[in-house]
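Please read all numbers here as calculations on a predicted model, not as lab measurements. Order of the sequence lines fixes the chain letters, A, B, ..., with proteins taken first and strands second; residue numbering starts at 1 for each chain.
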Amino acid sequence: MENLSALAQTIVKTMEQMMRAGHSHVPAENLIKAVRKRKSANNSQLAQALQETLDVHVLVQTTLPTGETVIYQPRMLQMEKSVAKRLKSIAASKASLSPSKLKATLKRIASSSTLSDEQFAAVQGSIANKLSVLTGGPGTGKTTTLKAVLDLAQHMYLTVALCAPTGQAAKRLTQPTGCEATTIHRLLRYNPEEKDFGYNAGHRLSEDLIVIDESSMIDLWLLHHLLRAVKDSACLLFVGDIHQLPSVGAGNVLHDIIQSGVASVFNLTTIFRQGEDSHIVTNAQAINTGEMPNLSNQSQDFFMFRVPTEQIGKMVSDIVANRIPDNFGYAPEDIQVLTPMYKGVAGVDDINQRLQAHLTDSSWCVQLKQGRFKVGDRVVQTKNNYDDNVMNGEVGQIAFIDKKKKTITIQFDAERVVYSYKKMWQIKLAYAITTHRSQGSEYAAVVLPIHEGMSQMLQRNLPYTAITRAKKLVVLVGSDEAVQQAIRNVSATERWTALASRIGQL
DNA sequence: TGGTAAAC
């Protein structure tokens, strides 16, 4: 890197930025265009600088199956190729079960099943096919279907690995399925010091069926390591909602797997949770198709308060502390504020300060390095804590502060955990959390501040993910223009990836 | 230039 010219270094940095935006590669002309925005240079200087990065293999140039000339970081190219190859070879290998046995077992199960037709087809398909995808919005019965898949697998004496990208998603999966779920990292025996995995191409998992929930959150890197560690004869089932926020890391893998046709796709469409007149459901569907949601405040479960940006914070506190409890009977504990970012107006930090001041009194409080905690505060665990069985993203309430012992007791859903002040770095206020962190969680009521200052975070998946977290009530606070801006913006999901075309080419 | 997360 030090040996490169200044312009070549700018190209490398621009490329890194593109990876951070989620792309697996960049078309050569788009890369040059992006570099031009940072540094002025003429065509031949740019071509020469790009050649410099290619000569030392910091970047590589390649032609996609589509004929397009694109630039990759070498490791990204290698991962994308490897993922395509693994998917293809798993799909082509024989499964370790007999079709006649499947047929017989299915027949037995069908008679006692309460599954809908589309759910039953998914259950059958995900055992009969090597690679399957189970998609559908919230309330369509993905977990019910998953449970039936696991039952079927058990009847057929298949060994199963049940996993998810996050600790919380794994924990949530364990209870309804009655099957121990782990994070993908744990399943593969991740070693952070070596940055490698105990299970890999040379030492594969023995399980016949691998089920991966919340797979919209998986990036190219994690899928690469998972597929390396899976035996060729295994069946894979990816479960997720493609309309939720894309992975923060590079790739668009669930989307690409579906698009490539390498997997059988089962899309659940019937919603069982809310009634048909629910605006939560219809508005989520409208947003998905790029239409403006119905914000007329005519329904019983979907409302919008139109206020100028500088008044959003104040209005959100009023809604959480007074309006929702008074008018709908939900306590502040049942209400979750979801917002795109930490900083700025109506960001996580802003809302947390306001609601802490509004909702808890100061008689029992302690000032720690990272901030003030009060008895009654709503807080969130920010790292998987296997000792106390509290996962990253779990929300609880401060029950007790012991100033002599220097401990804080937090009541979570099922656990009551004592934290020393020293351990409190794992805990943050949670009156508001980011929409990203809410993925996979559900709340009775969701309050969503949305204003134009949130500019680049205003993406179509954002209001979709936020409002589909709500079981009973959604309240938007902000401006129609910001909602419109978010719905029009699909740039986060339009990533340059070539996984689908690579699979097609093999 | 900015913004989002996760794993042991």
Side-chain angles (χ1 to χ4, degrees), chain A residues 10 13-23 33-39 163-171 181-200 212-226 229 240 244-253 338-350 380-387 390-394 426 428 432-441 448-466 482 485-486 489 491-493 495:
Chain A
T10 305
K13 280 187 191 144
T14 308
M15 193 67 191
E16 283 165 2
Q17 209 173 54
M18 293 291 201
M19 301 301 99
R20 258 177 271 135
H23 308 293
K33 224 186 270 173
V35 172
R36 272 226 177 82
K37 281 188 189 160
R38 305 171 135 221
K39 270 216 164 97
C163 60
T166 70
Q168 201 196 359
K171 184 178 176 182
T182 69
T183 62
I184 298 173
H185 285 77
R186 282 209 147 194
L187 177 69
L188 303 180
R189 303 265 178 270
Y190 180 61
N191 178 341
E193 269 101 57
E194 310 289 330
K195 284 192 174 176
D196 65 6
F197 293 88
Y199 286 101
N200 51 45
I212 309 110
D213 197 15
E214 296 290 353
S215 46
S216 62
M217 297 199 241
I218 299 177
D219 62 12
L220 190 62
W221 179 83
L222 190 54
L223 182 63
H224 168 68
H225 288 289
L226 176 64
Q244 285 195 37
L245 294 164
S247 63
V248 173
N252 207 354
V253 299
L338 299 179
T339 178
M341 38 193 190
Y342 288 96
K343 304 256 179 288
V345 177
V348 168
D349 299 337
D350 177 25
V380 61
Q381 172 80 24
T382 61
K383 193 179 192 298
N384 288 345
N385 171 354
Y386 291 100
D387 293 338
V390 181
M391 297 300 127
N392 187 353
E394 283 187 58
Q426 302 180 3
K428 280 197 169 77
I433 62 172
T434 61
T435 308
H436 274 87
R437 303 209 71 188
S438 76
Q439 289 210 79
S441 297
L448 178 66
I450 185 162
H451 63 81
E452 283 141 292
M454 295 165 168
S455 56
Q456 72 268 38
M457 293 307 290
L458 296 178
Q459 296 278 343
R460 185 180 295 177
N461 319 56
L462 196 100
Y464 173 81
T465 303
Q485 204 177 309
N489 188 356
S491 67
T493 31
R495 298 180 169 189

What's the spacing between [X] [atom1] and [Y] [atom2] if we round to 0.5 Å?
{"X": "A/Leu188", "Y": "A/Cys163", "atom1": "CG", "atom2": "SG", "result": "7.5 Å"}
{"X": "A/Leu448", "Y": "A/Leu462", "atom1": "CG", "atom2": "CG", "result": "7.0 Å"}
{"X": "A/His436", "Y": "A/Thr465", "atom1": "NE2", "atom2": "OG1", "result": "8.0 Å"}

Can you check the [X] [atom1] to [N] [atom2] distance for me, whole Å?
{"X": "A/Gln244", "N": "B/dT4", "atom1": "CD", "atom2": "P", "result": "18 Å"}
{"X": "A/Met217", "N": "B/dA5", "atom1": "CE", "atom2": "P", "result": "11 Å"}
{"X": "A/Leu338", "N": "B/dT4", "atom1": "CG", "atom2": "C1'", "result": "14 Å"}
{"X": "A/Leu462", "N": "B/dA5", "atom1": "CG", "atom2": "P", "result": "11 Å"}
{"X": "A/Asp219", "N": "B/dA5", "atom1": "CG", "atom2": "P", "result": "14 Å"}
{"X": "A/Lys383", "N": "B/dA5", "atom1": "NZ", "atom2": "C1'", "result": "14 Å"}
{"X": "A/Gln381", "N": "B/dA5", "atom1": "CD", "atom2": "C1'", "result": "15 Å"}
{"X": "A/Leu222", "N": "B/dA5", "atom1": "CG", "atom2": "P", "result": "17 Å"}

| said: For A/Thr434 and A/Asn191, find the nucleotide of DNA chain B closest to each by heavy atoms; which residue's nucleotide sits nearer the 5' end? | reply: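 Upstream on the strand: A/Thr434.
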- prompt: Mind checking whether A/Trp221 and A/Phe197 have parallel, tilted or perpendicular rings, split at 30° and 60°?
  reply: tilted
Item to check | A/Thr166 vs B/dA5: side-chain N/O to OP1/OP2 distance below 4.0 Å | outcome: no
*asked:* Please confirm whether the shortest side-chain N or O distance from A/Asn392 to OP1 or OP2 of B/dA6 is below 4.0 Å.
replied: yes
Sorted by chain and residue number, the side-chain hydrogen bond (donor to acceptor under 3.5 Å, both in side chains) partners of A/Arg460 (sequence neighbours excluded) come out as none
side-chain hydrogen bond (donor to acceptor under 3.5 Å, both in side chains) filter on A/Gln439, not counting sequence neighbours, yields none
Less than 3.5 Å apart, any donor N or O on the side chain of A/Thr10 or A/Lys39 sitting next to an acceptor on the other?
yes
Taking only N/O atoms, report every protein-nucleotides 1-3 of chain B pair under 3.5 Å with atom names and distance.
| from | atom 1 | to | atom 2 | distance (Å) |
| --- | --- | --- | --- | --- |
| B/dG2 | N3 | A/Gln456 | NE2 | 3.3 |

**OP:** Pick base, sugar-phosphate or nothing for A/Arg189, based on heavy-atom distances below 4.0 Å to the nucleic acid.
**Re:** nothing
